[in-house]
Amino acid sequence: TDPAVRILQAETRQRVHALLAELPEKQRDVVRLFHLEGQSYAAISDALGMPIGSVGVTLRRAEAKLREQIEPPQG
């Protein structure tokens with residue numbers, strides 16, 4: 001792979017980890033399990049001991065926070 005591409009990929013990984021670190025622990029865990037590990041809502045519910053209905057809500061809140069960090073609101 002092109003060295004420039006590797007550098008960009010490494011920088012992107014570092015930025016993603018930095019953004020995730022700013023989330024509350026439960027939100028960070030849900031994002032990691034769903035987006036990075038490909039777990040289902042049911043598997044996340046079991047792994048984290050939270051109601052399955054809370055998984056989607058927690059994920060949406062975390063994604064909204066990440067979006068705000070990446071693209072601050074225009075005002």
For R15 and Q69 the tightest heavy-atom approach is NH2-O, 3.8 Å
Output the distance between atom CD1 (I52) and atom CG (D46), rounded to the nearest 0.5 Å.
8.0 Å
Sequence neighbours excluded and cut-off under 3.5 Å, please list the side-chain donor-acceptor pairs for residues 54-64, or say none.
unit_1 : atom_1 : unit_2 : atom_2 : d
T58    : OG1    : S54    : O      : 2.7
R60    : NH1    : G56    : O      : 3.4
E63    : OE2    : H35    : NE2    : 2.7

Salt bridge D29-R32, side-chain N to carboxylate O under 4.0 Å
yes
Check the pair L19, V16 against side-chain contact (heavy atoms from CB on, under 4.5 Å), reporting the backbone distance first and the verdict last.
CA-CA 5 Å; L19 291 171; V16 167; 5.5 Å; no
With hydrophobic residues grouped by side-chain heavy-atom distances under 4.5 Å, do F34 and L36 end up in a single group?
yes
Quick check for you: to the nearest 0.5 Å, what is the distance between Q27 atom CD and E22 atom CD?
12.0 Å
Only pairs at least two apart or in different chains count here, so list each ring pair (Phe, Tyr, Trp, His ring centres under 6.0 Å) that has a residue in residues 2-23.
none
Can you see which heavy atom on S45 is nearest to which on P51, and at what distance?
OG-C, 3.8 Å
In the hydrophobic clustering (ILVMFWY, side-chain contacts below 4.5 Å, transitive), which residues join L8, or is it alone?
none
